[in-house]
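Presented below is the structure to which this report refers.
Sequential numbering from 1 along the given sequence is applied to the chain's residues.
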Amino acid sequence: MANVANLEKRLVDLIREESSFAIALTGEWGVGKTYFWKYFKQRNLNQFRLQKYAYVSLFGIDSLDSLKYEIAVKTHAINQLEDRMQGAKSLFNKALDTIDLSSIQGKGLSLNIGKSLITSALSSLVSSTVICIDDIERISDSLSLKDVMGVINDLKLEKKCQVVVILHDAKANDQFQEYKEKVFDELLVLDDSLSIINDIVDSKLFTVYKQFYEIIGIKNLRFYQRVDKSFKLFDKAYPSLSHLSKEQILRFILIIRMIYEIPSRLGNDIDFKFFVDSFNSKNIKNFRGYKKQNAYKEQNEISDDIVKFNKINDYIHPFYNYFEISDWGEVIVSWITELDFDKEVTKDLIAKDKITEEVLLIDRLASEVLNEFHNIDLKPNFAERLYYVACAKIGRAQLTNLSFYCDILDTCNRKNLAIQLEIHIKRHIENSIKYHQIRISIDDFYSFGRKENDRFYNFTVDKIANYKYKNISSNTISSIFLDFHEHSRRAYNSNDKEILELIDKDILREIIWINTDKFLGNRKLFIHSILLHPCLGEINGKREEIRLWILELLQENIVDNPNNEPSIKMWLDNTNDLTENLT
């Protein structure tokens, strides 16, 4: 296996000699083998010892005579950018297809000339030529690969040609595997085409392409050509965006287009619709953090959707940490799937600068500082730079990471900076708890687990406990039940148990008669969801207490609205007073 530079060096060594050969140039589908060969020929014309050249694709060729004829008519001087006689040869080719040469007679002599005879005559002129035969794995069913190999062997041995055959080895049939060792002198594999990609994409953003190529492993040249075209359309439409914003948009395009075009890289069970639905900003919270961990608490097996989400997330994560389809991501999804996007939304994104230069710059600086630390290569003012980015990331970074930054500052003998950073972080924790009040839990701060000796875990637990309010509003409790109901009775927070313990009959009355526009489905199903909430089963006697309250509240409704009695009576009969069939 080899990259472009190594392959080019080996081919130059071969091509500058007059000796004949046959070489197979292989590599995975779309890696850029044809592009490489044409690029190689253009760069190394002065190295070619043989002065004639022909390029032939086997695609569409259905007979051996046609192949020989194609090679003959495509042969031209090596220093010509194109065959200057190609027009005349094409006319000649059409004439052969339309004239019945066998019927031509002149002066009593039968000129029984066929196309095969002319092909043979033209082929006899092919010698000492560099010949590239492409697409051998796309050979026609009517053309024998054994015969093609025979032609290649004849070109090498009898015609003293240098033959380069381009193919996707893994797609070639068994016959090729049988003949390749007999015919070819060498098998060259193009395995690393990063330098080719560098030639075709925006050089100012090559670093992003390089990261994607090396981490995700997609080598298909056409994929990068389409991504580059997509990005340049955005760049042309919105030239005022900052360089860092453009990098962010390119990352979106790479990931979204990859899963749109080749979802099979993640498995046969992954489709684009699921990717968009699960990673959009409205639904992703159901898959990440504590809701992801607790959504199926009553079941022994993990949902297929969670498994698929994790598969996609694990695949994307090394290239794009915490990927989410929001803002520009939504615009790009719309553009790729519908070939259009909401121009007003796009203008709003630019106006509000949701992909801000400052945020992206901080993320980049943080990455650079941590790389210095992990690579044992600390530059001057390391502690000051770490303190700066850590402060800037408060509110976006996990507390476990912020605690780690404090530890590093301590180790650097900059305890003053560590203490100051810790003060800022604790102030943020307190403000977050005050803002969310009782609905916040420790899982909101440590959704991905806690590391040993974390500086802020116990502090956060204590602060949450201190802000527990006993006077619970119906809105707070109804939001718990609505979340559970809207997410198909799967997503819930186990810490809500402390809140649900405080429900009384008056609060329940407000909840079950809320405006039905606020939730999905009908009121009966919503009440079923209330009774089925898993946290109620963890509070001794609470589920039964709430069921009895609901029965009393339904009787109140019948008194106030007698017309509702048939609906309520049939419902209670079908569910045995809300103890069965709560679907």
Side-chain angles (χ1 to χ4, degrees), residues 212 215-218 223 251-326 329-330 332-334 336-338 398 441 443-444 446-449 479-497 519-522 524-538 580-583:
F212 185 84
I215 293 172
I216 301 300
I218 291 179
F223 171 78
R251 290 178 184 274
F252 272 122
I253 294 175
L254 282 163
I255 290 175
I256 293 169
R257 189 166 276 284
M258 172 189 70
I259 299 180
Y260 180 73
E261 293 184 4
I262 41 179
S264 59
R265 287 193 67 92
L266 289 86
N268 295 329
D269 58 335
I270 303 298
D271 60 71
F272 187 70
K273 184 179 185 303
F274 173 82
F275 164 68
V276 172
D277 290 344
S278 57
F279 278 85
N280 69 47
S281 55
K282 296 178 182 177
N283 297 330
I284 198 168
K285 63 175 183 275
N286 301 325
F287 293 91
R288 282 205 172 111
Y290 68 85
K291 287 193 174 182
K292 179 181 74 174
Q293 298 164 13
N294 295 308
Y296 293 88
K297 198 169 183 180
E298 290 190 336
Q299 301 182 21
N300 294 324
E301 59 184 31
I302 300 175
S303 158
D304 288 342
D305 285 353
I306 297 293
V307 172
K308 288 195 292 184
F309 175 87
N310 289 339
K311 185 186 295 186
I312 299 172
N313 192 57
D314 291 346
Y315 194 85
I316 294 172
H317 178 78
F319 172 70
Y320 195 126
N321 186 23
Y322 209 82
F323 178 82
E324 179 179 328
I325 300 175
S326 60
E330 293 175 354
I332 292 165
V333 167
S334 175
I336 288 176
T337 56
E338 302 174 18
Q398 290 282 307
S441 74
D443 287 334
D444 291 304
Y446 289 89
S447 56
F448 294 99
S479 66
I480 295 174
F481 289 128
L482 283 171
D483 282 347
F484 181 64
H485 181 69
E486 289 175 347
H487 295 108
S488 304
R489 301 171 183 168
R490 296 183 297 182
Y492 71 96
N493 183 354
S494 59
N495 291 300
D496 286 339
K497 179 179 70 172
F519 56 85
L520 303 175
N522 58 51
K524 293 177 183 178
L525 293 179
F526 175 56
I527 292 174
H528 290 179
S529 294
I530 293 174
L531 289 167
L532 291 172
H533 196 287
C535 285
L536 296 182
E538 299 176 13
E580 302 172 358
N581 303 320
L582 301 183
T583 56

Problem set entry | Between Y320 and F252, ring centroids under 6.0 Å | yes
Atom pair [atom1]/[atom2] of [X] and [Y] - distance to nearest 0.5 Å:
{"X": "I256", "Y": "R251", "atom1": "CD1", "atom2": "CZ", "result": "13.5 Å"}
{"X": "K311", "Y": "D304", "atom1": "NZ", "atom2": "CG", "result": "10.0 Å"}
{"X": "E486", "Y": "S479", "atom1": "CD", "atom2": "OG", "result": "10.0 Å"}
{"X": "H528", "Y": "L531", "atom1": "NE2", "atom2": "CG", "result": "7.5 Å"}
{"X": "I312", "Y": "S278", "atom1": "CD1", "atom2": "OG", "result": "5.0 Å"}
{"X": "D271", "Y": "L266", "atom1": "CG", "atom2": "CG", "result": "11.0 Å"}

Problem set entry | Any side-chain heavy-atom pair of V333 and Y260 under 4.5 Å |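 A side-chain contact under 4.5 Å is absent here.
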Problem set entry | Pairwise side-chain contact, R489 with P534, heavy-atom cut-off 4.5 Å (strictly under) |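 In short, these two side chains do not touch, never coming nearer than 4.5 Å.
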For [X] against [Y], the heavy-atom pair lying closest together:
{"X": "M258", "Y": "I216", "result": "SD-CG2, 3.6 Å"}
{"X": "I215", "Y": "F319", "result": "CG2-N, 3.9 Å"}
{"X": "P318", "Y": "D314", "result": "CD-O, 3.3 Å"}
{"X": "D269", "Y": "K308", "result": "O-CD, 3.2 Å"}

Please check: side-chain N/O of [X] versus main-chain N/O of [Y], any donor-acceptor pairing under 3.5 Å?
{"X": "N280", "Y": "V276", "value": "yes"}
{"X": "H487", "Y": "D483", "value": "yes"}
{"X": "R257", "Y": "I262", "value": "no"}
{"X": "H533", "Y": "C535", "value": "yes"}

For this session: Output, in order, the C-alpha distance, side-chain angles, deciding distance and verdict of side-chain contact (heavy atoms from CB on, under 4.5 Å) for L482 and F526.
Result: CA-CA 8 Å; L482 283 171; F526 175 56; 3.7 Å; yes
Exercise. Would you say N268 has more than 12 foreign heavy atoms packed within less than 6.0 Å of its CG?
Worked result: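 Incorrect, the count does not exceed 12.
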For this session: Applying side-chain contact (heavy atoms from CB on, under 4.5 Å), run through D305 and R490 and close with a yes or a no.
Result: CA-CA 12 Å; D305 285 353; R490 296 183 297 182; 4.1 Å; yes
Problem set entry | Parallel, tilted or perpendicular, as decided by the 30° and 60° cut-offs, for the rings of F212 and F223 |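 Parallel: the ring planes of F223 and F212 meet at under 30°.
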For this session: Could you tell me how the ring of F323 sits relative to the ring of F275: parallel (under 30°), tilted (30 to 60°) or perpendicular (over 60°)?
Result: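 Parallel.
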Exercise. Is there a side-chain contact (heavy atoms from CB on, under 4.5 Å) between Y315 and R265 once you walk through the steps?
Worked result: CA-CA 9 Å; Y315 194 85; R265 287 193 67 92; 3.0 Å; yes
For this session: Check the pair F484, I530 against side-chain contact (heavy atoms from CB on, under 4.5 Å), reporting the backbone distance first and the verdict last.
Result: CA-CA 8 Å; F484 181 64; I530 293 174; over 6 Å; no
For this session: Would you mind checking if D277 and K273 are paired as a salt bridge, meaning a charged N to carboxylate O distance below 4.0 Å?
Result: yes
